[in-house]
**Q** 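The structure's right below; bear with me while I get my questions together.
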Amino acid sequence: MMTKTEDEKSAHMSLRNEVDQLNLSSNHLKNLVYSMSVVMSERMEHTQEYEALLTLFDTVRSHIEDVQGCSEKISELLEPCALDLTKP
């Protein structure tokens, strides 16, 4: 049976792993959105479809930035908890 401190460390590490996965996923999405923008700019002329895709692109990019901001805030909140868990 795990002690309270071990449970807290385990929960902290699980949350840290989830935040790391979130950061990784948002970076993958950011790369994908960048690739989409390159394809759009090289293969499409300035049509209504292009403008619609550009709006969609900007929206997705904005959401990715929001996700990254949230994961950074969560990471900042986790830091004091990690320090507390290392104390005997």
**Q** To the nearest 0.5 Å, what is the distance between CG (L54) and CE (M36)?
**A**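 Nearest 0.5 Å value for the CG-CE distance: 10.0 Å.
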**Q** Kindly compute the distance separating OG (S26) from CG (D66), expressed to the nearest 0.5 Å.
**A**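 Rounded to the nearest 0.5 Å, the OG-CG separation comes to 11.0 Å.
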**Q** Using the rule that Ile, Leu, Val, Met, Phe, Trp and Tyr join whenever any side-chain heavy atoms are under 4.5 Å apart, tell me whether L29 and L53 fall into a single cluster.
**A**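 Shared cluster, yes.
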**Q** How long is the gap from CZ on R61 to OG on S37, to the nearest 0.5 Å?
**A**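 Rounded to the nearest 0.5 Å, the CZ-OG separation comes out at 8.0 Å.
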**Q** Applying the 4.5 Å side-chain criterion to the ILVMFWY set and letting contacts propagate, would V33 and L56 be lumped into a single cluster?
**A**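 Yes, V33 connects to L56 through the hydrophobic network.
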**Q** Find the distance between CG (N17) and CG (L22) and round it off to the nearest 0.5 Å.
**A**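 Here the rounded value is 12.5 Å.
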**Q** Of the non-hydrogen atoms in F57 and Y34, which two are nearest, and what is the gap between them?
**A**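 F57 and Y34 have their closest heavy atoms at CE1-N, 4.4 Å.
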**Q** Atom OG of S75 and atom CD of Q68: how far apart are they, to the nearest 0.5 Å?
**A**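 Going from the OG atom of S75 to the CD atom of Q68 covers 11.5 Å.
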**Q** Once you round to the nearest 0.5 Å, how far does CD1 of I64 lie from CG of N27?
**A**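 Rounded to the nearest 0.5 Å, the CD1-CG separation comes to 9.5 Å.
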**Q** Under 3.5 Å, side chain of S62 to main-chain N/O of D58, donor-acceptor pair present?
**A**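 Answer holds: no.
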**Q** So which atom in V19 and which in S71 form the shortest heavy-atom distance, rounded to 0.1 Å?
**A**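 Heavy-atom minimum between the residues: CG1-O, 3.8 Å.
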